[in-house]
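Computation of the quantities below employed the complete heavy-atom set of this structure, encompassing side-chain atoms and omitting hydrogens, waters and symmetry-equivalent molecules. Throughout, protein chains are lettered first and strands after them, A, B, ... in sequence-line order, and every chain is numbered starting at 1.
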Number of protein chains: 2
Amino acid sequence: MAHDHEPAKPHRITISTVAAALGVAVSTVSNAYNRPDQLSAELRERVLAVATELGYPGPNPVARSLRQQRAGAVGVLFAERLPYAFRDPAVLMVLEGIATTLEQAGLGLLLVPGRDDDTTTVQQALVDGFIVYSMMETDPLVQAALKRRLPTVLLDQPPRPDVPSIIVDDEAGARMATEHLLSLGHRQFAIITDRLVETNLRPSSAPINVHDQSKPTFFVTQLRLQGYRQPLEAAGIDWRSVPIYDCNDNNEADGAAAIQILLAHNPRPTAILCLTDRLALGAIAGAQQAGYQVPQQLSIVGFDDIPQASQSVPSLTTIRQDHRQKGLSAGQALIELLAGQSPTSYQRLAVELVVRDSTAAI
Amino acid sequence: MAHDHEPAKPHRITISTVAAALGVAVSTVSNAYNRPDQLSAELRERVLAVATELGYPGPNPVARSLRQQRAGAVGVLFAERLPYAFRDPAVLMVLEGIATTLEQAGLGLLLVPGRDDDTTTVQQALVDGFIVYSMMETDPLVQAALKRRLPTVLLDQPPRPDVPSIIVDDEAGARMATEHLLSLGHRQFAIITDRLVETNLRPSSAPINVHDQSKPTFFVTQLRLQGYRQPLEAAGIDWRSVPIYDCNDNNEADGAAAIQILLAHNPRPTAILCLTDRLALGAIAGAQQAGYQVPQQLSIVGFDDIPQASQSVPSLTTIRQDHRQKGLSAGQALIELLAGQSPTSYQRLAVELVVRDSTAAI
DNA sequence: CTATACTTCTGAATCGTTACAGAAAAAACG
DNA sequence: CGTTTTTTCTGTAACGATTCAGAAGTATAG
């Protein structure tokens, strides 16, 4: 045997290769791996020995999954190109929460790539369920995921019947931010958002009026804008007069660029509501660069309370939400769903105003 | 019993349910989904219509995977508990690089959870290949992954024959850091590392001498320590006299704690070599807190050049490596492997000394 | 009108397991 | 020593698709 010429059998080694080599039934080999109590220890060892000798890589997980009707992984759908997920601090905290619960349940976390024209990746993802996180409701990937009819949890998405949703009280948060600024005496507001209008539809880089568009946008964006609007109008400020600058992307550089334009606006705003902390941190930097004092001349409020918010100079007044908890709740809900239980179909997480040094009385 | 009406059979809807409903062959239904050119447009539409009417979720991906012998996803194995991966800036850049290449190839990224005693998650992961990143070589998860005999790429791991490896020239980087400090005239060195000794084996929290252990540790840890040692010995400094503080974890708090102990050491070190930027940033903060001036009284060098390194005060002198490129290369190599090509079996990425403000002449 | 070439559709084999009912062998029992 | 129980092992039917050779039917050509 040792001197045999390698016939280089390109044939695949499966459970039945091993069974044949030993002259036992395939079910015996299967049992050797999965039910040690179903065969004698002696035979089991022989099976395992022959298996390694033949280079058998162990039971094929795909075949096992087919038979057992479970994939052992959960798919996460996310609005952005995959790599972006690893760059945004808020997103990362959410993913961390999701990962924590999944790990405890022994489930893998599959990040599904999304070229939005092509839904095959979603259709073919080997998962037991989905967490759909902050996608445009109209995104074909969302439709594709729902069509799979797998246990699914929506996170930062417009709720749908029959699908558990976890959302944050973004609207209340935005109200709190606005009321805070109003209470400081501000009357001239401006807003920095991102991707209010899809990039390819965007008319120009100038601030746009929110009324000019009712295109699809992100759910949380809608909620936050609505939360800004209400107290402003209650304070007698014309919503249509509030300039809104729509960035291409959620990052500091875009926030810095936005503030330049808004500071040139007449009347010059004294209070800036930013839809995210990253935009707000960029706005602070941009304003300072342009020679403005924050908060003496300009108050800026963010949203999310990412770790960097407390590090900046001045530190950022913002709305705190528990990102990690958001992920934990989503993961938990999905795990319950997978276990055949029915989790609360709608969870709303609270937010909190964190007053720091980027806001001051006018 | 009398009025026991049959509730609609909760029977699963498969391709053959649809075929039966239409009175066509299953292969026809399959073709309707996968080979539109193989049947008339009219029939195809009828198939699809009936399918949605029956609530058919589309071809089962697991069955398809079994037949087609591909999972459409790549597994990433990482040393830490899953959630940690989302917290470490350096790791995130690597993951971003990996995700970028995988997305382009339309592959999913499966984060495999690792309870180290239990390898079933690795054995059962539905993937076409693995990227093994910065794991202890002795970790059973690594063994389990290799046993799968899938295309695999090693990243920051000791190279193995027949498995493409991508590593960073950590040793050279550590040498550069050390030589930089030596050239500034430093003679009293100390080192801050983490997890040199497994947590449960750790004797105490006091600095330990590296000679006292030859336990398994991380590959890059070994390389970096070796890189520190060589120039020190060349400069006539007794390696055994260099205190090494071994933290429980790679984070700022542990770095800050470590520096307190080291500053109490006699003779007091003037130059601190940190195995990571996070430890170094913690060390700077800790030293300042204890009333020491960095770099006037104490020079500190990090490793990795994470984004935060340039933001700290003083900014951190460190060794830069291209984390994103590391991920890109690993992803690329794996994709080539999956395509049946054979990528270069060994890639070593260069590093670079970045001198900032945390180091000065003694 | 026959021969040839397309279209359109079908049937059976295959992917690699696990689950389950039951056969064979061994052990325990009265 | 026959009978029952327990331990081991086996054979086969799912699991849900895709693939591919070829059957029927239809159009094109000669």
Side-chain angles (χ1 to χ4, degrees), chain A residues 10-48 50-51 54-72 120 123-128 148-150, chain B residues 10-48 50-51 54-72 120 123-128 148-150:
Chain A
H11 208 59
R12 201 166 274 109
I13 299 157
T14 74
I15 200 173
S16 58
T17 316
V18 177
L22 273 155
V24 301
V26 290
S27 45
T28 301
V29 178
S30 174
N31 284 334
Y33 281 93
N34 308 307
R35 310 242 171 124
D37 56 310
Q38 293 291 303
L39 71 172
S40 64
E42 184 268 335
L43 177 54
R44 181 173 127 94
E45 272 185 33
R46 245 174 355 126
V47 170
L48 264 35
V50 169
L54 290 174
Y56 176 58
N60 179 315
V62 176
R64 181 205 293 257
S65 271
L66 175 60
R67 180 64 235 235
Q68 296 191 332
Q69 303 281 63
R70 54 163 271 138
T120 55
Q123 289 164 230
Q124 302 185 9
L126 302 175
V127 296
D128 296 318
R148 288 278 301 266
R149 307 199 165 216
L150 294 176
Chain B
H11 208 58
R12 201 166 274 111
I13 298 155
T14 74
I15 200 174
S16 58
T17 317
V18 177
L22 274 155
V24 301
V26 289
S27 47
T28 302
V29 178
S30 174
N31 285 333
Y33 282 92
N34 308 307
R35 310 242 172 125
D37 58 310
Q38 294 290 302
L39 71 172
S40 64
E42 185 269 334
L43 177 54
R44 181 173 126 96
E45 272 186 31
R46 237 161 16 111
V47 171
L48 263 35
V50 169
L54 290 175
Y56 176 58
N60 179 314
V62 176
R64 181 204 293 257
S65 271
L66 175 58
R67 182 62 233 239
Q68 297 190 331
Q69 302 280 60
R70 54 164 272 138
T120 56
Q123 289 164 230
Q124 303 184 8
L126 302 176
V127 296
D128 295 319
R148 290 277 303 267
R149 307 200 164 216
L150 294 175

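Put simply, R35(A) has a side-chain N or O that comes within less than 4.0 Å of OP1 or OP2 on dA19(C). Distances shown here put a side-chain N or O of S40(B) below 4.0 Å from the OP1 or OP2 atom of dC9(C). Of the side-chain N and O atoms in Q69(B), one or more sit less than 4.0 angstrom from OP1 or OP2 of dG16(C). Distances shown here put every side-chain N or O of S30(B) at or beyond 4.0 Å from the OP1 or OP2 atom of dA17(D). Neither OP1 nor OP2 of dT7(C) sits under 4.0 Å from any side-chain N or O of Q38(B). Note on Y33(B): every side-chain N or O is 4.0 Å or more away from OP1 and OP2 of dG16(D). In terms of phosphate contacts, T28(A) brings a side-chain nitrogen or oxygen within less than 4.0 Å of OP1 or OP2 of dT10(D). Proximity of N60(A) to the phosphate of dT17(C): no side-chain N or O atom is located under 4.0 Å from OP1 or OP2. At the phosphate of dA17(D), OP1 or OP2 sits under 4.0 Å from a side-chain N or O atom of T14(B).
In this structure, N34(B) atom CG and dC20(D) atom C1' are separated by 14 Å, rounded to whole Å. In this structure, CD of Q124(B) is placed 12 Å from C1' of dT17(C), rounded to the nearest angstrom. Per the geometry, CG belonging to L22(B) stands 17 Å off P belonging to dT8(C), to the nearest Å.
At least one donor-acceptor pair closer than 3.5 Å links the side chain of D128(A) to the backbone N or O of G72(A).
Atoms CZ and CG, on R70(B) and L126(A) in that order, are 9.5 Å from each other to the nearest 0.5 Å. Distance check, rounded to the nearest 0.5 Å: CZ of R149(A) to OH of Y56(B) gives 12.5 Å.
Within 4.0 Å (heavy atoms only), V62(B) reaches no atom of the nucleic acid at all. Heavy atoms of L66(A) sit under 4.0 angstrom from at least one base atom.
Within 3.5 Å, no donor on the side chain of R64(A) pairs with an acceptor on the base of dT17(C), nor the reverse. For a distance-only test at 3.5 Å, the side chain of R67(A) fails to qualify as a donor-acceptor partner of the base of dT17(C).
In the displayed structure, E45(B) atom CD is contacted under 6.0 Å by at most 12 heavy atoms of other residues, nucleotides or ligands.
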